[in-house]
Amino acid sequence: ERLPEFTANDINGVEITHKNFVGKKTLIIFWSRTCPHCLIMKDEIKAWEAEKSPDDPNVIIISEGDSDAHLEIGFKSPVILDEDRELSTKLGMINTPSAILVNENGVIITETGIGSKNIWALAGRRITN
């Protein structure tokens, strides 16, 4: 299924659209600062950002809440705030943490992965806790 058309600004004010997903695989993570499982995953995301190779998928995080609080976390990946969960719902992500993988043609190529281990499996990374 092709990624639905959308336009949103990330917490740095950068416009992101469905067109940003063309040309590189991207892991879209639905995450929340109020979810205890997500907070545990925060360090995993930061480790991914620090260690990923050029062949690894990009990451975009969809969350909700305060921009400043998300900026303090210091994710390198773009963070889109989706307060009414409209975009998340279009992508089939209802629970946190969850994710989908989009291929370089902007097509969703996985079902929704729920939980840290399943999310990283979508990206081909094994996490051991």
Are [X] and [Y] joined in one hydrophobic group, where the rule is that I, L, V, M, F, W and Y side chains link up if heavy atoms are under 4.5 Å apart?
| X | Y | result |
| --- | --- | --- |
| Ile73 | Met41 | yes |
| Ile108 | Phe30 | yes |
| Ile94 | Ile100 | no |
| Ile109 | Ile29 | yes |
| Leu27 | Val107 | yes |

Hey, is [atom1] on [X] packed in by over 12 heavy atoms from elsewhere, all under 6.0 Å?
| X | atom1 | answer |
| --- | --- | --- |
| Glu83 | CD | yes |
| Lys24 | NZ | yes |
| Glu104 | CD | yes |
| Lys25 | NZ | no |
| Glu49 | CD | yes |

About how many Å separate [atom2] of [Y] and [atom1] of [X], when rounded to the nearest 0.5 Å?
| X | Y | atom1 | atom2 | answer |
| --- | --- | --- | --- | --- |
| Arg33 | Asp66 | CZ | CG | 6.5 Å |
| Glu5 | Lys19 | CD | NZ | 7.5 Å |
| Met93 | Ser98 | CE | OG | 5.5 Å |
| Cys35 | Glu64 | SG | CD | 10.0 Å |

Work out which heavy atom in [X] is nearest to a heavy atom in [Y]; give both atom names and the distance.
| X | Y | answer |
| --- | --- | --- |
| Ser63 | His70 | OG-NE2, 2.8 Å |
| Asn118 | Ile114 | ND2-O, 2.8 Å |
| Gly113 | Ile119 | O-CG1, 3.6 Å |
| Ser32 | Cys38 | O-CB, 3.1 Å |
| Ala99 | Leu122 | O-CD1, 3.4 Å |

Are any of the side-chain heavy atoms of [X] and [Y] separated by less than 4.5 Å?
| X | Y | value |
| --- | --- | --- |
| Asp10 | Val79 | no |
| Phe21 | Ile28 | yes |
| Pro4 | Leu91 | yes |
| Thr7 | Glu15 | yes |
| Ile62 | Arg85 | no |
| Ile45 | Trp31 | yes |
| Phe6 | Ile80 | yes |
| Trp48 | Val59 | yes |

[X] side chain vs [Y] backbone, donor-acceptor pair below 3.5 Å:
| X | Y | result |
| --- | --- | --- |
| Asn9 | Asn12 | no |
| Asn103 | Asn105 | yes |
| Asp82 | Glu86 | yes |

